[in-house]
Each structure stands twice: as structure tokens, then as C-alpha cells.
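Just so it is clear, the model here is predicted, and its values are computed rather than measured. We name chains A, B, ... by the order of the sequence lines, and we start the count at 1 in each one.
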Amino acid sequence: MNDLLRIKHLSMKSFLQKFFGAFQKEKQKGQFNHMRGAFLTSFLILFCLLGKAQNAQVITGRVTDSSGKTPLLGVTVTANASKKTVITKDNGEFSIPVTNADKKLTFSYVGMKTVTKNLNGENNFTIMLTPDNTGLSEVVVVGYGTQKKESITAAISSVTSKDIERVHGGSTVSTTLAGKLPGVTFRDAEGRPGASASIQIRNMGTPLYVIDGIQQDEGQFNNLAPNDIESITVLKDASAAIYGVRAANGVVVVTTKKGRTGRNNIDVNAYRGWQSFFRFPKVVNNTADFLYYKADAQINSNGFNYDPATSTWTANTSITQGILDSAKTSNDPQYRTFDWRKYVLNNNGAPLNSVNININGGSDKVNYYVSGTNLYQNSVLGSQYKFQRTNIQSNVTAKLTNGLKVGFDINGRVEDRQNPGVPGVDDYFLARLAVLRNTPQERPYANDNPKYLNDLGPHLESNYAFLNNNLSGHYRDTWRVIQTNFHIDWDLPWVKGLSIRGLGSYYFADELLNNQEYTYKAYTYHPADSTYEVTGGATNPWRERGQTKNINTTLQVQAAYNKNFGQNSVSATVVAERLQLHHLYNWLHANPRSNFLPLVSYPIIDQYNDIDQTQARIGYIARVTYNYADKYFLEFSGRRDASYLFAPGYRVGYFPGGSAGWRISDEPFFKALLGNKTDILSSLKFRGSYGILGDDNPNNNPIVAPFAYLPGYNYGTVGSAVLDGVTVPASRDKGTPITTVSWLKSKITDVGADFTLFNGKLSGTFDWFYRERTGLLGSKNDVIVPEELGYNLAQQNINADAQYGEEGSLNYYGKAGQVNFTIGGNLSFTRSKFLHSYNPLFFNSIDQYRNSYEDRFNNIGWGYICIGQFTSQDQINNYKVDIDGQGNRTLLPGDLIYKDVNGDGKIDGLDQRPIGYNYGSQPQINFGFNFSVNYKGFDFHADFSGAAGYTWYQNWEQRWAFQNNGNLNAIFEDRWHRQNIYDPNSPWVPGKYPANRYNPGFSHSDYATQSTFWLHNVRYIRARTIELGYSLPQSILDRVKIRAARVYINGYDLFSIDNLRQYGLDPEVIDDNGLQFPQNRVINAGINLSL
Amino acid sequence: MKKILSIFTVLIIVAGMWGCKKDSSFLDVQPNTFLTNEQVFSDPNLVLSVLADLYNRQVDFSSLNAGWGSFADFSESFPSENSGFGRGIVQNTGWGYGSWGLNWFASYNYIRDLNLFLQRDSAATGLSDQQKKRFSAEARFLRANFYFEMVKRYGGVPLITTPLTYDYSGKVNDLQFPRATESQMYDFIINEAEAIKNDLPADVSEKSRASKGAALAMEARAALYAGSIARYGATTPAVSLPGGEVGIDQSKAVGYYTIALRAAKEIIDGQAGAYKLYTAPAGASMDQLSQNFANLFIDKTSPETIFMKDFATGVTHAFTTNDQPFSFSDEGGDAGRLNPSLNLAEQFEKLDNTFAPFATTDASGKPVFYKNVQDIFADRDARLAGTIILPGGSFKGQTVDIWAGYRLADGTIITSDESDHLKPLPGSSVPVQVVGGDGPVNGLELHTQTGFYIRKYLDPAVGSGRRGQGSTVAFIRYRYGEVLLNAAEAAFELGDNATAATYLNQVRARAGLTIPLTPSDIDFNRIVHERRVELAFEGLYFYDMKRWRLAHIVWDGRPTTLSDLKTNIGKATQHSTQPWGLWPYKEYEPGSPNNGTWVFKETLPSLVTGANRFLLGNYYTQIGDDVIAANPKIVKQPNQ
């Protein structure tokens, strides 16, 4: 035994050397020093506890693929009675000690059909495994455990690492999920470095993220390294109930990679991408054209002046025909053209690259996965706008004795965003605004001398020449995060099938935000005396620092019991869980006395905010499952949850759930029905579930403010007053305490079916669901209390809404000669509806029509129905309906005609009708499909996704010409105008848009109100990832001692078919001015190496 | 042995992880953001913190921290901002009946908090009687002053003086209070002021908290308003309700005027502290008098200020940021929104007590050429340059660059749409600046459109106009100058022209108008005019026009012509529905003596397309349907 221990010591020592070698590099960066101590401690525990085994006989053998030629590494070989497990080596060979009780060996391997062999006294086996395309034997992560796919009775979808790692379109995990999962809605509105897409499950709201068993926030999910993710599973129905607290909007369960037992591997994955804006609005970039359109718009706005003396009309604009002529022909410097769009979007091909190196492997005693990833993303707006992230992941599990496992998982990252510190809230905005606001007549530098920033007057702040680290300032926001999980699994030796598990997690996130915006000067050049005069700039320095510390602790204790009685198998799980979130934040603002002073000193501080919040929740969970012959499945679960948010007495909620499944395809009568041809309908399962989930924090907002149940005064939250020269923080009465509010209840029904056809080549799933939420807050207004009462009646859990829809997916696997291919797709639809409030009251029927939510779809956009455009002044003069509220005197040919819905001869609020879905929300319809094929060393993959059922509308820069006295959006070149703009009697030339006005704002009937002319219900289908790869043949690799090598090129967002192309906009943008930072089109080249 | 050790370890770790806390104590997170009622009312510092909020929730019709829009309306200025409501002010043809309203719920929520404060303060056991008395008087002052704000807008409103509670009985009769009459409202304010004035400090240096002076100033103003509504309301009998919720019987006028004069005199006689006008040293030049008048609104130690809303580092407002001349802005961003109109500028008298428009043309209609740009404004009331930044005026020691272009001998104008768009003048090829850096350029926002910028309340301190910093200038709610004008008006209405003249002359002398008015000079026009120029941009003009029932006459919806502008200056009924400007041009006639002189042109900014129309239904702000639906005892306003 001592010898054994020594051998283990040795092997572990060499492992440790390797292991910490990887960390030495990180350590040099100075960030991970403290983690080492924790590691050593946990390993010490492991060593102390190593046990020994009892052997009777040794069985050996070899495992290969179906061809019998390629040995399989890492196949799990298990003895049926002693549960002894070993893993095959490089050459596919294994050697397993068995006891006399062992009668069978099973061989299992991901993606292959599991094979069971009787021992029959043989002691040497050759096994061939065949691919399993049904996916039924796949293991899926469910709440507090895993289940085989065939026995699942819930609505669950998952993707694995190979699907995620292929997407190189952004820098966060959410951006990889477009179209990948049925029921997961996706919108990627923002493409700036480090941005995330918005994902929801069935549009039920912000989901709960659970990473390796620990509840986490969206930021932690998004900033995992995609390479470290083994799988992402979404729980869409009552199966989420097992996660209980905060799981009412569905759960996204992430599992990070664990060491595969077998040999030690080193994998290297790297790519380099070149980014460009997918789309961005175009502008007029020629001074002569600009002046022409501006004159046209000014004349349309201001009209013509009649001079009775000469009986002539003069157009009311300062831009004369003479000016237009000289702009076209003369070399006068004031008519030179400057192309701001080209100038601002100057960093085309901005890099997006990532390098991941991981070491993984292990033995039957220890397995490990240690990974380091660095990602860098730059911006098309300039190389100083950037995002960088370094991740480490270290998952180590050790078997101490038979039945006792200890694991220690660490996830850490440094996430860094830097850009020029720019005036205004969003530092990325002014650069984009510059494209549309700055006119071709304006130039960045005075006299084109780069030493002198040109004073552009009101457009100075969008002079891109100063939006850089030297002139405008520097912004840096860094998160440093470390997550440590410690877990112990123990199979109790006294009761067969009973195991307990303890899990402790400590999460620490630190944010440091530093921003300094400088003062600067801007100049005007005077050619008369060749001088540069300071005429503008900023005297306003801005210095801010924000610091966050989030400390989350999770403790779980679980007990699980599994037992088989013949065809019956029963399992039960109980869990107790405590969660505490602690959030600390402080923020200060200062006015530095010089641009050269980055440190903050006391006298210059003028604002300081301080926040310290704690949340606490407790859950007790029980679940029982029953399975008969893998044919009938039943599951019941229940939770008791308590939240700190509610008054004592209202804290606890009880939430039961259950599900059932029936594999009808295993029924003899069904088989008989099909004529026993199992190769057509290989499997069919019906399933249904119903459960109630509790929610105290819908959409990341507490359902009631913390401590709302206590009376008192809020201190310092409502500003300060200056009394007798002293600044006194103000306190306000909290209002009447809300003492009776408790959990919101989310009741989810799901009915679905899973099937496979043609021997598993075609598989599919379908789900219908209905979620009703009750207990939304509202007031019990049995009587209307006078407003003079001075307070609102406390809210109670009385309103209800619903979310429902359906989704499905189909996948086909095929083979033709040496060509393997897969094709798959999914489609989902979901809508939300408000059900009822407590005793709704309306003043009149119009009020009810317009403002009632009762039993109506949520998120309806209202506006006028545009039924055409006027084609002549005559038509306007004779038109019976007052369109503009001013007898149509403000109208010109081309202006919009609205439908007079109520026929009262005038257009007003009563003529508005529902014309759109929600603005800025998730799509109601989402779909995706993918196609892949491989032949010999080549592989090709393409995936597409699309969506519909959401609304975007043109506003600001997209609705009216010359917004901000700026440049003309090129879409407005196609507009109604007079053939000769200076002649009031010239004929009108039709165009798409109404006659341009100069910077009209909301003052004209065309622009004042939402209408079908400006509003677009968006639909798109776009290419997400198209990839071509080549794996180097084994013969070459053997020579250079590399196990596997693959190179690829990959394009993201190559094209899109949609209805926003004509505006130069990405179909997923939200901002109604169209100036949002769009998604990027990325061309990547990459390599995967296994050493 | 190993097995026992490992099991033992597991048990230790599991037990340790669960911790020793009971569930209930684990969930009992301790709040750190609020105080219990008992804590607050046992510590005067915390009571003051509650009072700080109650002070903050006072509302003003115009105030420095509530934006610039309310200063800009009524044709007293042009709103130079394209987005937001800037354009609406000059493009609408009138006002909605709901204009100038308060949020009804928030108002009564504030009153409830005041009533709760009074209840808790009187029940407090941890405070001295002296402390409780002053705190209570302050809250009552704030409540009375707030009801004053409500009655100015709505007339009578439900007068709630105790915290109400709904008991879920389903019966709300006891909670439905009808509107008080308009005179009951004013009586309440007057009585409260009398009841609390001796519990408050009579100290001229107490300006940001309630004082005896503030209580009396509120009383004087309220009584004056009540008196004038009683007297001039008779000219618009339609503006009244049978129950008296709107309108005050004419017979009560004398009584109210008497109270107003008495309360004002208590301040003037020094019974509330050593208040006096903020004056320049004897022998000051006109420039210094203007500077002195401007300083009155900057200097927080001024003995003229009775009650103010104060600001300090970290508690700032953006008035200067919004309204400073354009060239002082950061990044050409925020500036220039509030451009006083020519309509107002012309009201400032000449030093001989006569009224005249600015002379832009001579009798034959030819332009008048001025050597210096400021010459046209010479010999006027010092308050003109103290209230308005004129062309050629200065701010922060720098000349403000206001001119609209070059004028050639034939009258052609050469200008540009931006000051940095240079152009050559005739006979030259070198481009030069052809319009002032501060405007005016027709339609160019954030630059003056009238040729004027606001000076009153504009903060000359470094950084005051920066977006990230802001101004700490205080807003004055009551000042001694207004008290004198209130006393003068009350005396005039009581037939005592001699007293009225005395008080008016004190105010006028400070402005350089040293020729005293005689009792026979005093008439209603004089009273109206003096308040308009002295109190411009202090949030009082609008209510003056309402209480004198002049609003529907002055803002009659008829466009304002140039001749309207130039005639009837100084008359209470002069109509003023559109803000005009006065644009200076540089004369360009090389070789001529006129070259380099200045000419001026009255200009209506082209964005002005509406004309103000004040309807009888505008005299009292509409009470919302939701308010009336919830309390049917509230009667609707007349004429709506």
C-alpha cells in the first residue's frame, strides 16, 4: 500500500509540475498568485485521502471504431457489480480488475452506441463501437444532476461546445447562440467591442443563469471563454422549478469542460478576425449636392417671397443658384468636400482575435481541465476603442476512495474596456453621430493643419478629430472576477444507491472604472492674417471613478437516492440551498484642475455615492422520479423558498411541479401498428409537464423594494438641500409600508413530443407551452380613493399575464459514400398577453379602447395608417380631411395622407390604431437552420438564423432631413421635389419620401406622429457562420508528432435578407435614429491543434 | 482508517458550509439606507434632514434648477432651442387649459408629508420645546407657501391640514373634500403667516430657511394677490364660480390690500430684521448701477434677499449652462436658450422717466448710424443692462460677439449660417468673419435670435457654465425690492399715492432713475410697468398678468406688428404676442464716413409663427379628469 501511494505521489507530482507550469505564466501578470495557495490546500486533502482497491482478476482488451482500424481513446469501461471503471488508452487498450460478482462489462463513449458484453470467463475482448445518431443516449444536464435524453420528460434544449466554438462574431457567449436553440429568442442590437446579445427563453424575461451548479448573473455567463464551455442547456418549462428561486423565466445551465480521462492532452485554438460594420447609414458626401438638397429643404420649409413691385417670387433660402453653380464648378476652398463617413469608419478590418490553450486529461483517480484564453476585440471606429479579456478555468476532480469524490473548480477573468473618454453618456456615440451630423463642408482641422482642431461650432463635439485619448480623454472599465467552487460527493457505503453532495461557492467580482475627460481648445483659421484663433473647445473637465465589489456565496447540501427493482427504477433528490449576494459600490465625480492630473484629490471631488446591499434567499427542494422499463416516466418536485424581500410571515412560498412521459414506440401494440419496422419510426415519446415557480425578482427588478415592509425615512436618497450654507442630505418618508406582498407565481404547462425516424437519421422535437403568471402587483381599487389622500394604496399580488407559443426542431444525419452531412433547423413562436387586473376602471369607451390591457396582447404600438401621399397641390386643396390640424395649409405634394378612421374629417389621436409590435423587444418568431458536410479532411458548415415579430421605426436622423443642422441622410435623396427647386411653378417630381424640410423636428404632420410610413415590422434571415475547414492527414501529423491539426476560414454575418437594408441598417438594431453600433461582419482564419 | 477519516472530513465540511445561522436570521438582512421615525424625531440633525427634503419640494413657477422654459414664455424672450419645447413656445397659438399645472398627486403627497411631519414633530419626546416650535413653524410656512402656489394656479383646492388615512372600509366619503374658496385659501396663508411669524427667527442672515421676514413677505404677496383678484376680477365676471372656488368678492379688496400694506410695512420698518435694498455706493456710474443690479442676484449675503433656494458644490443647477452666450459653451453644446425680447427691452425707461423705442431709423425712415454698438442703449434705466446682455456687452470679462452681418450701402446684407464660415467682402478675395460668434443667425439654435442674452442670474464664476459642474447661484423667492413694490401697489390701491410714490422711488433710484415720481404720476400703468422691469425673469410676471386680468388683453392672439411694438410702451395693456429681436449690423461702405458704424433692425425671428392667445379658460389651470373622477366633490374650472 505504501508503494502504491508512492507511485501515485510520483505521477501526481509530475502532473502538478505541468499544472502549475501553466500558471507560472499567469502569475507573471501578477493576478493569480493568491489562487495558488488554495490549490495546494485542496490537493493536500486529496493526497491524504487516497484509498486502495481490492482486485480478484484482470480483464484486458481493445476498443476500436466500427471499421475496426481506428483505436478509440477514452472509452469508459465499467464492471456491473463492483462499479469499477477504467478508461481506454491511446491504442484503445484497457485493463480492468473485476471481482467475482462482476458478470458484465459496459463500454460507453460519447456519440457511440453503448455496448454491453457478458464476461463468460473470457479475459480478453475486442470491441467495435458504432456511431449513435439518435442522440438518445446523450446525457443532458438537468436540475441538480444529469439525465439520459431518452428519459427526459421536460422541455429542454442544449448545444455543445462544438456549436459554440465555431461562432466568431462577437466577444461574449450570448452572441454565439443565434438560431441555435428552439425557444431561445435572440437579438444582437449592439456590436461594439465586448457587447452582448439579448437572449430570453420563450420571451419570458431575463432567464436565470446557472454555471456549474451556481446561480450567476448575465455578465458572468457572457464573459466565460466559449472554449471552456462543454454545454449550454436551457430548461424551458416546469423542469426549471428545481432551480426554484428566480427560475420563473427559464434557466440557462452552463457546464464547463472537465478533464476527459485517458491521456493528457494539450489543445490550442486560435483565430484572427477582420471586422467591418455590417451596415451603417449613408450620407451625401459632396458639397455641391449637399447645398442643393439643403436649399431644396429650406425652400420647402420657408417658402417663397413675392415681390409685388417686380411680380417675381424669390425662394426663401440663403443658398442661391449662383452658390450652387460655383460649388459645382469653382475651386473655391469653401466648397471643398470632406468625407466624414470614410474618416470615422477608418479602422476597417479591426481585429477580433482569440487564443486558447488548455491542458486536460487524467486517470481514473483524478481528472483535470486547465485552460487559459485571451480575447481581443477592436473597433471599426478606431483602434483606441477596444475590449480585452483573459480567462482561466481550472476544473479538477479527484476520487479519494471508492465512493468519495472531491472537486475544486476555479474560474477567473480580467475583462477590460477602454476607449477615449468622450463627453456625453455613451462614449461610442459621438463618433457615430459625426458620420451623419458633420456636413461635407466641415473639415476636422483648421486650415487642414493637424495641430489645430477645427472649431465646428455646434458640431464641435462630433468633430471626430478630437475623439481620441490625447484630446478628449481616456475611459477604462475593468472587471476582475474569481469564482471558486468546492464540492464533495460521497456514496454512502451503508445504503446502496444513497449519495450526498456538498457544494460551496465563493464568487468575488471587482470593478474599477476610471474616466477622465479633458479640456481642450478648438481653433478658427483667419486667412486674412494667417492666424489661428481659439474660438471654442471645452473648459469642462470630468473625472469619475466607480468601484464595485460583488461577493456571492452559495451553499448546497444534497442527498440523492437511486434504486432499481427489476423494470422499476426510482430516484429521489433532496436539496437545501442558501444564497447570499452582497453588492458594494461607490462612485465619485471630480473636476481636475489639469488634464495631467489623473489622481483624485479631496478638494476637487463634488459628488460621492455609496451603496451597500445584501440579498438572502433559502430554498429546500425535493424531487422524486419513477421510470418503468424506460417506457413510462413520472416525476414530482416541490420547493419551499424564502426570500428576504418580503415581510416576515410572507417570505415563504411553496411551489410544486410534475411531469410524465410515455415512450409509445416501445409499446408492442405500437410496434405492431407499424408492422414492426422500427427503422422507420425508431422512437416516439410524448411528454407533458406542469409546475408552479416562484419569482421575487422578475426581469432583475425586485418585485417590491427591499424593506418596503418597514416604515421610516429614506436617508440621503432624494438629493440634498443647502440650508444655512450647509449641504444637508435630504430624507423622505418611505410611504405606507407594503406588508402583504409575496411571491409572484408562474404556472407553466408544456406538452411535447420527441421522435426519431429512419433508424435515427431524422430526429425531432415539438413543444407547446402556456405560462400564466399570477400575483403581479396592482392596487385593490374597489373604491377610487381621492388623490388628495396623498398616498397610493399599497400594492398587492392581484394581476395576471400569460406567455405562450410553440417551438420545434428537426435534424437529419446522412451519409453518401465518403460524404457525411447533417442538416437541421428549428422554429419558435411566442407571444405575451396581459390577462386581467383587479377591477379595471375607465372613464369612457375610448379610454377603454386605447388604454385597456385586459385580455390583450402586450406591447402594441399605436399610430396612424398612412394610405398614400399627395400627388399635387390641387389634390391637397380639395382634400376633405384635415390632415395637419391647420386646414392642410402646411402640406406639399408628397406629404403623407392618413386614414380618417372615425370619419370625423380630421386626423387626431382618435384615428390611431395598433400598427406595430413592441419597439426594442425580443422577436416573437425566431428560427435557425444549419448545414454541414464533410469529406475526407474537408469540412464545411453553414448556419443561418432569422426572426420576425418586432418593430423598428424611423425617427430623428432616419425620419427627417438635416437633423441637428447636420448632413443629409442619403435615403432622403429619393424625395418629392420641384423639378427646379427655385421655381414655385415648376412641376413636382415624385419620390419615396415627402418633400424634405430643413431639420423639421416634430412640427409637421408628416413627422409628428407614429404612422405606418415610418414604422416597420422587421423580418430577416441572415447567414451567421459559414466555415470551411481542413484537417491535416494523419500521415503528415505523425511525422511532426501532432495528434490533430485543423485550419479553417470562417465568415460571420456575410449577408442578410431583410427589410431594413434600404435604410443602411442592421435588421437587429434598436436605436430609432439608426446610429447604433451595428453588428460586425467578420472574416476569420483559425487553427485547432491537439498536441 | 482512511475511510473513517474521509467520512469525518466530509461531515465537517458539510456542517461548516451550512453554517450555524437559523434560516430566519439568515433572511433578516439589516437595512442601511433608512431611519425609523423614532430615530429621526429624537435627533435635531435628522429632523433637519427631513426638513431639507420638504424645502426641496417647494415649487416655483420659474426656477433655476427646473430648466429654462418657464422663463422663456409669454413673449418676454425667444427660446433658442430647436428640439424639445423650444419651438412650441413660439409656434403655438395659445396654451392648453392644463398648462402650468402641478402634479396633483405629488402635490398632495407633499402636503401629506408636511402634515405627517407636523404630527410627528409635535409628538416627539426627544426634542426640546424650542426646537419643536421652530421646526413646526418652518413646516407650516412651507405648507402655506405651497398652498399659495396651488391657489395661484387653480384657485381654491381641497385644504388638507392633517394626514389622511384610508381604512379599506370601502367608504371614501370622509376622504372627499370639496375645493375651498379662493379667498379661504388666501385667508389660510395669511392666518398661518401670522400664527408662525414669531416662532421664526427675525434675522436678515437667515435666508435659506424660513424666517419672520419670509412669513411676512409671503403674507404681503398673498394678500396683494387676493386684493387684486377681488378688485380686477370684477372686470372679468365670467372668470368665477358660484361657490367662490374661483374669484373673490369685490368687497374684500380693501381688506386684503390693508393686510398687504401692513405686512409689507412690518418688514420695511425692520420688525423682521435689517432688510434693505442692495445698492451701489453713492456716485456710481450707470455701468456700476447695472453691475450692482446684476450682483443682487449673485451675492448670497445681499441684505435684500429674504428667502431663497440655495445651491452649493454638488447641489448645482444648469441655468448658466443653458443660457450663457454661445461662445462660452463647451463644445458648442449648451448655451443661449433664453433670449430676452425687444418687447421687454423697450420697456426700460429713459432717465427722464419717459418711454421710447430704440431709435433704429430717423423720422424719414433712413437708418440711424451709431459709432459704437452700445450707443443705441445709452441713457436708459440701469436695470436694462443689469437684466439683459446687450450687443457689445460683456460676460466673464469677455465681450459678447453679437452682430447679424455686414450691411452694404444699398442695404444688401452679407452674412453666413455659421460664424466660422468665412466669406470675402465685395472688392476682396480674403474671406473674413461675417456674423457674430454669438449670433444672431436666423434659425440657428443656441445662438441669440433676438440680439440679446439673459444676464439676470447668469453666474460669472469659473466653471458655472460647464455641463459637469454647474452654477451655485441661489434663486430668490422673496426679496425686499418686491416687498417695496407690493407696499406701493397696496398703498396705491388704497388711494395713498404719496406712500406708493415713496416706495416706488426707492426702487427706481437704485436703478439710476433719480428724478422722483410725484404722487400724481402714480397710476395703474406705473404700478404694472415697474413690476415688469424690476421683477423680469423672477417668475412673477405671469401671475401679475393673471391677477390684474390683463392676460387675455395683452396676449390676444393677434400677431405683433412693428408698430404695435413701438407704440404704447409703458402701458399695462400694450399687446405682446410674439418675441421680436433687435439685430445689429456693421456698415460696410469703404470710403464713406458711415463705414464701420452700426445700424439696427427690428427683426421677428423666422421661427416665430404662432402668436400667444390667452383665453378666459386659461386663467385657472384645468383640474385633471382623473382627479375629479376620484373626488366628485371637486367642481370644474370655469370657461373650459
Leading residue by heavy atom contact count with chain A [cutoff under 4.5 Å; candidates [options]]:
| options | answer |
| --- | --- |
| B:Phe117, B:Phe105, B:Phe177 | B:Phe105 |
| B:Phe311, B:Tyr110, B:Phe328 | B:Phe311 |
| B:Leu46, B:Leu51, B:Leu175 | B:Leu175 |
| B:Trp104, B:Tyr55, B:Tyr168, B:Tyr166 | B:Tyr166 |
| B:Thr609, B:Asp28, B:Val627, B:Asn56 | B:Asn56 |
| B:Val50, B:Asn37, B:Thr36 | B:Val50 |

Roughly how far apart are [X] [atom1] and [Y] [atom2], rounded to 0.5 Å?
| X | Y | atom1 | atom2 | answer |
| --- | --- | --- | --- | --- |
| A:Leu841 | B:Asp626 | CG | CG | 12.5 Å |
| B:Asp401 | A:Thr535 | CG | OG1 | 11.0 Å |
| A:Thr524 | B:Leu422 | OG1 | CG | 7.5 Å |
| A:Gln441 | B:Glu418 | CD | CD | 10.5 Å |
| A:Glu787 | B:Tyr108 | CD | OH | 10.0 Å |
| B:Asp113 | A:Asp733 | CG | CG | 5.0 Å |

Heavy-atom proximity to chain A below 4.5 Å, by part of [X]:
| X | value |
| --- | --- |
| B:Thr165 | both |
| B:Leu54 | neither |
| B:Glu38 | neither |
| B:Leu444 | side chain |
| B:Pro31 | both |
| B:Asp417 | side chain |

Q.
I'd like to know whether CG of B:Asp167 has more than 12 heavy-atom contacts from other residues, nucleotides or ligands below 6.0 angstrom.
A. yes
Q: Could you tell me whether A:Lys405 atom NZ has more than 12 heavy atoms of other residues or ligands within 6.0 Å of it?
A: no
Q: Could you tell me whether the side chain of B:Phe34 reaches within less than 4.5 Å of the side chain of A:Ser731, counting heavy atoms only?
A: no
Q: State, with a plain yes or no, whether a side-chain heavy atom of A:His526 is found less than 4.5 Å away from one of B:Pro431.
A: no
Q | Non-hydrogen atoms of B:Ala630 and A:Ile784 that approach each other most closely | A | CB-CG2, 3.5 Å
**Q.** Nearest non-hydrogen partners of B:Ser49 and A:Val728, listed with the distance
**A.** CA-CG1, 3.8 Å
Answer with side chain, backbone, both or neither: which region of [X] has an atom nearer than 4.5 Å to a non-hydrogen atom of chain B?
| X | value |
| --- | --- |
| A:Asn463 | neither |
| A:Glu788 | both |
| A:Leu579 | backbone |
| A:Tyr525 | backbone |
| A:Pro729 | backbone |
| A:Thr727 | side chain |
| A:Asn999 | both |
| A:Asp455 | backbone |
| A:Ala528 | both |
| A:Asn965 | side chain |
| A:Ser301 | neither |
| A:Val722 | both |

(Q) Donor-acceptor check, side chain of A:Thr614 to backbone of B:Val29, threshold 3.5 angstrom: yes or no? (A) no
Q.
When you measure from the side chain of B:Arg466 to the backbone of A:Thr539, do you find a donor-acceptor pair of N or O atoms at a distance under 3.5 Å?
A. yes
Q) Based on non-hydrogen pairs under 4.5 Å, which of A:Ala642, A:Gly735, A:Pro648, A:Ala538 is most in contact with chain B? A) A:Ala538
Q: Report the option among A:Pro423, A:Ala522, A:Ser318 that has the most heavy-atom pairs separated by less than 4.5 Å from atoms of chain B.
A: A:Pro423
Exercise answer: donor-acceptor pairs, residues 706-721 of chain A side-chain atoms, under 3.5 Å, sequence neighbours excluded:
from	atom 1	to	atom 2	distance (Å)
A:Tyr709	OH	A:Arg651	NH2	3.1
A:Tyr713	OH	B:Arg120	NH1	2.9

Q: Take B:Asp310 and A:Leu723, measure what side chain to side chain contact (heavy atoms under 4.5 Å, CB included) needs, and give me the verdict at the end.
A: CA-CA 7 Å; B:Asp310 201 1; A:Leu723 299 178; over 6 Å; no
**Q.** Pair B:Asp23-A:Arg578, salt bridge (charged side-chain N to carboxylate O under 4.0 Å, His left out): steps then yes or no
**A.** CA-CA 9 Å; B:Asp23 277 9; A:Arg578 277 186 177 183; 2.9 Å; yes
Q: Please step through side chain to side chain contact (heavy atoms under 4.5 Å, CB included) for the pair B:Phe26 and A:Ile618, ending with a clear verdict.
A: CA-CA 8 Å; B:Phe26 180 79; A:Ile618 294 178; 3.5 Å; yes
